Protein chains: 2
Amino acid sequence: MFKVDSYLTAKELLEWNISLHLQLETRSVHEHEVFLEAGQSCPYFYYVLKGLLRVYYYDLNGHEMTHWFSAEDTMITSPFSFFKNEPNILYFEALEDTELILITREQFNKIASKFKSTDERLRNLYADFAMVLSRRIMSVHTEPAEERYLKLMEEHPYLFQKAQLTHIASYLGITPQSLSRIRKNLMG
Amino acid sequence: MFKVDSYLTAKELLEWNISLHLQLETRSVHEHEVFLEAGQSCPYFYYVLKGLLRVYYYDLNGHEMTHWFSAEDTMITSPFSFFKNEPNILYFEALEDTELILITREQFNKIASKFKSTDERLRNLYADFAMVLSRRIMSVHTEPAEERYLKLMEEHPYLFQKAQLTHIASYLGITPQSLSRIRKNLMG
DNA sequence: TAGTGTTTTTATCCTAGGTTAATAGAGATC
DNA sequence: GATCTCTATTAACCTAGGATAAAAACACTA
């Protein structure tokens with residue numbers, strides 16, 4: 001998920017790790033490693049300390065579709081699995097060497113309690129999720145692929161350094177061939 | 001937003017209204033009334049006691065796009081405005097005579113505290129939002145309009161009694177003409 | 001009943017993007 | 001250097017759905 005104001009920061013997490021005795025674990029994932037697969041339960045909320053993740057799934061035709069990217073200092077999980085007991089349908093892949101903080105449901109709840117006593121940041125976090133998701137639905141309903149591509153390039157240029165164009169294409173909901181055609185038109 | 005398991009129930013709300021001294025207000029909205037417009041701040045989380053709401057916005061070409069429907073016993077708000085201070089871009093319209101419970105941010109927080117002490121339903125509520133939104137993005141990326149139409153009809157048949165086909169079309173991200181063509185093909 | 005506005009359908013034409021298949025480049029590995 | 005693999009591009013053709021315009025079907029009102 002892309003960066004939003006209400007994300008926890010690594011600094012906060014590490015402070016709370018001490019003050020709340022969370023005993024958070026970290027994990028190193030190397031480039032191209034798929035560290036979570038569909039069918040496996042997703043026991044963690046992940047904080048990306050460093051690196052870049054891609055989250056994808058397979059559609060009914062067996063095509064790999066990129067659902068999200070998750071960059072440095074953002075958080076991500078499989079809501080299907082982490083919060084609910086529904087089977088996870090998402091694959092999590094590192095697009096470069098990545099450092100993760102793993103947050104279990106129990107640790108997440110402790111943090112949530114902490115929030116409760118201080119402010120509404122957790123709620124804002126969820127609201128941000130909803131807004132980002134809403135905007136993406138609006139975007140795919142109202143903007144042609146070329147426009148979505150240009151916006152992505154403008155707002156998240158770092159993606160283009162690590163993610164390949166097939167990933168970008170499926171994130172935009174088009175084929176690599178179409179993306180290629182769009183890029184060619186933009187060159188002209 | 002469509003019904004999810006974790007929604008509050010009217011019964012709970014009314015109980016808490018008493019036990020937590022919330023002093024919740026209700027509001028009657030008649031068919032076709034637009035009771036929230038873009039630009040206005042949205043001070044409430046709405047619980048639809050009875051009736052059916054449509055939430056829409058205008059895209060860059062000035063076309064009215066249906067973003068959500070909200071049926072009986074579901075909750076809805078403008079996350080842009082209720083949680084954050086971003087300007088609201090959504091219009092809320094009643095598709096039939098509708099009874100709403102209005103929940104202010106303050107009342108919502110009281111309820112949230114109540115949750116905190118008992119269970120994780122609030123968090124589940126947000127998680128459900130995220131799941132529903134995620135699924136809709138996947139759907140629009142991977143399913144042709146005909147399939148999305150059939151699924152909507154199967155999962156939410158009540159919509160077709162009150163919402164007009166132009167609403168359904170823009171919810172599906174297509175024009176009324178295309179929807180009409182799809183319906184004709186399905187008849188054949 | 002006619003008259004007016006709204007929703008839905010039909011028809012024609014057009015375009016964005018899909019499908020298939022081939023080509024070209026860029027690392028890797030031998 | 002030669003070969004293999006993976007990614008990106010190109011081209012030819014096709015199709016879902018958009019744009020425009022008009023007709024038909026309702027629905028409300030007088």
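Protein chains get the first letters and strands the later ones, always in sequence-line order, with residue 1 at the start of each. Here the structure is a predicted model, which is why all the values come from computation and not from measurement.
One can place CG of B:Asn185 at 12 Å from P of C:dA11, the figure rounded to the nearest angstrom. Between the CD1 atom of A:Ile174 and the C1' atom of D:dT9 there is a distance of 14 Å, rounded to whole Å. One can place CD of B:Glu143 at 12 Å from P of D:dG17, the figure rounded to the nearest angstrom. Straight-line distance from the NE2 atom of A:His141 to the P atom of D:dA16: 18 Å, rounded to whole Å. Summarising the geometry, the separation between CG on A:Asp59 and C1' on C:dG18 is reported as 13 Å, rounded to the nearest angstrom. Remark: P of D:dC6 and NE2 of A:His32 are 12 Å apart, rounded to the nearest angstrom. Atom C1' of nucleotide D:dT10 and atom CG of A:Leu179 are separated by 14 Å, given to the nearest angstrom. A straight line from CZ of B:Phe160 to C1' of C:dT7 spans 16 Å, rounded to a whole angstrom.
Here B:Tyr46 and B:Phe92 bring their ring centres to under 6.0 angstrom of each other. If you look at B:Tyr91 and B:Tyr57, their ring centroids are not closer than 6.0 Å. Residues B:Tyr44 and B:Phe82 place their aromatic rings such that the two centres sit no closer than 6.0 Å.
Using a cutoff of 4.0 Å between basic side-chain nitrogens and carboxylate oxygens, A:Glu143 and A:Arg148 are not scored as salt-bridged.
Counting non-hydrogen atoms of other residues, nucleotides and ligands closer than 6.0 Å to CD of B:Glu25 gives a total of 12 or fewer.
In terms of phosphate contacts, A:Ser178 brings a side-chain nitrogen or oxygen within less than 4.0 Å of OP1 or OP2 of C:dG18. Between B:Arg183 and C:dT8 there is no side-chain N or O to OP1 or OP2 distance below 4.0 Å. OP1 or OP2 of C:dG18 lies within a sub-4.0 Å distance of a side-chain N or O belonging to A:Thr175. The side chain of A:Lys184 contributes no N or O atom lying less than 4.0 Å from OP1 or OP2 of D:dA8.
Counting non-hydrogen atoms under 4.0 angstrom, B:Ser180 reaches a base of the nucleic acid.
Checking C:dT9, D:dG17, D:dA8 against every side-chain atom of A:Gln164, the shortest atom distance belongs to D:dA8. Taking the side chain of A:Arg181 as heavy atoms from C-beta on, and the options C:dG17, C:dT9, C:dT12, the nearest nucleotide is C:dG17. Considering only side-chain atoms of A:Leu165, the nucleotide from C:dT8, D:dT9, C:dT9 that sits closest is D:dT9.
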